[in-house]
Amino acid sequence: IDPPRNGARRSSVKIFGPRKCANKLGTHRTNVMNNINEQFTRQAQEMFNVAKDARIPENFQAMAEESVNRSRDFYQKLNATAQENVSALEEFMLASHAGAKAVGEKMMHNAAANTESAFDAAQAIARAKTLPEAARLQADFFQQQAAVATQQTKDLFELSSKVAKQTFETINKAATKSFETMKKAD
């Protein structure tokens, strides 16, 4: 600091270094926070003291209890409906899976039978001694396969129809049961 000029008095303000200022500022902040905490604690204690004797009106308690009971009943009915819907979905999936498995197995059986017939016919044609005999064996095979393919198609269509009917009956039964449960929930 420059010395005073023209007879001015020297200031009595003390200048602190950065460390001393930080310490004083930190102490001031701590004091402010302590005061805020004390005020909050005092106000909270006053609120609790006022509220400790407060009573909830009986009609409000009854209304709150009734609301909780209704909510619980609604939840239980909703939960039962959800569980029934999950069971219905499981039944549908099992029926669909069983139907798809039956159709798939039938198709695999048909493919295996057709392949065996083709190999048997090829072997018989390969053993033929004359060209007319080979042509007759081939014609017989085609004629036989046409009849087999017609029967296989008919059987597969009947099985598919049966599976579809069973699946739709399962869906209908589950939907009816679900709607009845939802009606009860109302």
Side-chain angles (χ1 to χ4, degrees), residues 37 40 44 47-48 51-52 54-186:
N37 284 338
F40 176 77
M47 272 186 6
F48 287 128
K52 74 179 179 182
R55 296 281 180 223
I56 298 173
E58 287 182 22
N59 61 345
F60 184 78
Q61 285 178 327
M63 185 178 69
E65 247 182 84
E66 180 66 22
S67 177
V68 169
N69 288 336
R70 284 183 182 178
S71 294
R72 178 176 281 132
D73 288 345
F74 179 74
Y75 164 75
Q76 288 172 343
K77 290 175 183 177
L78 187 64
N79 190 33
T81 301
Q83 288 176 352
E84 287 181 13
N85 287 339
V86 167
S87 295
L89 181 61
E90 287 175 355
E91 288 177 32
F92 167 71
M93 295 301 286
L94 290 173
S96 296
H97 179 263
K101 183 178 178 184
V103 170
E105 287 175 350
K106 182 69 172 170
M107 291 176 70
M108 288 301 295
H109 172 75
N110 290 348
N114 294 342
T115 303
E116 282 297 318
S117 292
F119 281 126
D120 290 346
Q123 191 172 31
I125 293 169
R127 290 184 184 150
K129 302 285 183 206
T130 64
L131 191 56
E133 182 185 2
R136 184 186 51 79
L137 289 172
Q138 188 173 13
D140 288 347
F141 171 72
F142 284 140
Q143 194 174 34
Q144 176 192 6
Q145 278 308 106
V148 167
T150 301
Q151 186 60 46
Q152 287 174 344
T153 301
K154 180 181 172 192
D155 292 346
L156 195 58
F157 179 76
E158 287 174 1
L159 179 62
S160 297
S161 296
K162 179 182 172 185
V163 165
K165 182 180 176 187
Q166 288 173 342
T167 302
F168 286 122
E169 285 174 354
T170 302
I171 291 170
N172 192 26
K173 180 178 134 187
T176 301
K177 189 176 181 181
S178 178
F179 287 131
E180 288 173 2
T181 303
M182 286 192 306
K183 280 183 182 179
K184 289 177 186 177
D186 292 335

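Computation of the quantities below employed the complete heavy-atom set of this structure, encompassing side-chain atoms and omitting hydrogens, waters and symmetry-equivalent molecules.
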Quiz item: Any side-chain heavy-atom pair from Asn59 and Met63 closer than 4.5 angstrom?
Solution: no
Self-check item: Minimal non-hydrogen separation, Phe141 against Ala121, with atom names
Solution: CD1-CB, 3.2 Å
Exercise. Just grab all the side chain to side chain donor-acceptor pair (under 3.5 Å) pairs involving residues 120-137, residues at least two apart or on different chains.
Key: Arg136-Asp140
Quiz item: Taking all non-hydrogen atoms of both residues, which atom of Leu159 and which atom of Ala102 are closest, and how far apart?
Solution: CD2-O, 3.6 Å
Residues 69-76 side chain polar contacts: donor-acceptor under 3.5 Å, at least two apart:
residue: Asn69; atom: ND2; partner: Glu65; partner atom: O; Å: 3.4
residue: Arg70; atom: NE; partner: Glu66; partner atom: OE2; Å: 3.1
residue: Ser71; atom: OG; partner: Ser67; partner atom: O; Å: 3.0

Exercise. Hey, could you give me the OG1/CZ distance between Thr170 and Phe168, rounded to the nearest 0.5 Å?
Key: 10.5 Å
Quiz item: Looking at side-chain heavy atoms only, is the closest gap between Leu89 and Asn85 below 4.5 Å?
Solution: no
Quiz item: Which heavy-atom pair separates Ala100 from Val163 by the least distance, and what is that distance?
Solution: N-CG1, 4.5 Å
Quiz item: Who passes side chain to side chain contact (heavy atoms under 4.5 Å, CB included) against Glu90, sequence neighbours left out?
Solution: Val86
Practice problem: Only counting residues at least two apart or in another chain, list the ones meeting side chain to side chain contact (heavy atoms under 4.5 Å, CB included) with Ala82. | Solution: none
Quiz item: Rounded to the nearest 0.5 Å, how far does CZ of Phe92 lie from OG of Ser87?
Solution: 15.0 Å
Quiz item: Sequence neighbours excluded, which residues qualify as side chain to side chain contact (heavy atoms under 4.5 Å, CB included) partners of Ile56?
Solution: Phe60, Gln61
Practice problem: Sort and list the pairs that fulfil side chain to side chain donor-acceptor pair (under 3.5 Å) and have at least one residue in residues 150-168, not counting sequence neighbours. | Solution: Asn114-Gln152, Gln151-Asp155
Practice problem: Report the residues that fulfil salt bridge (charged side-chain N to carboxylate O under 4.0 Å, His left out) with Glu58, sequence neighbours left out, ordered by chain and then residue number. | Solution: none
Quiz item: Who are the side chain to side chain contact (heavy atoms under 4.5 Å, CB included) partners of Lys101, not counting sequence neighbours?
Solution: His97, Glu105
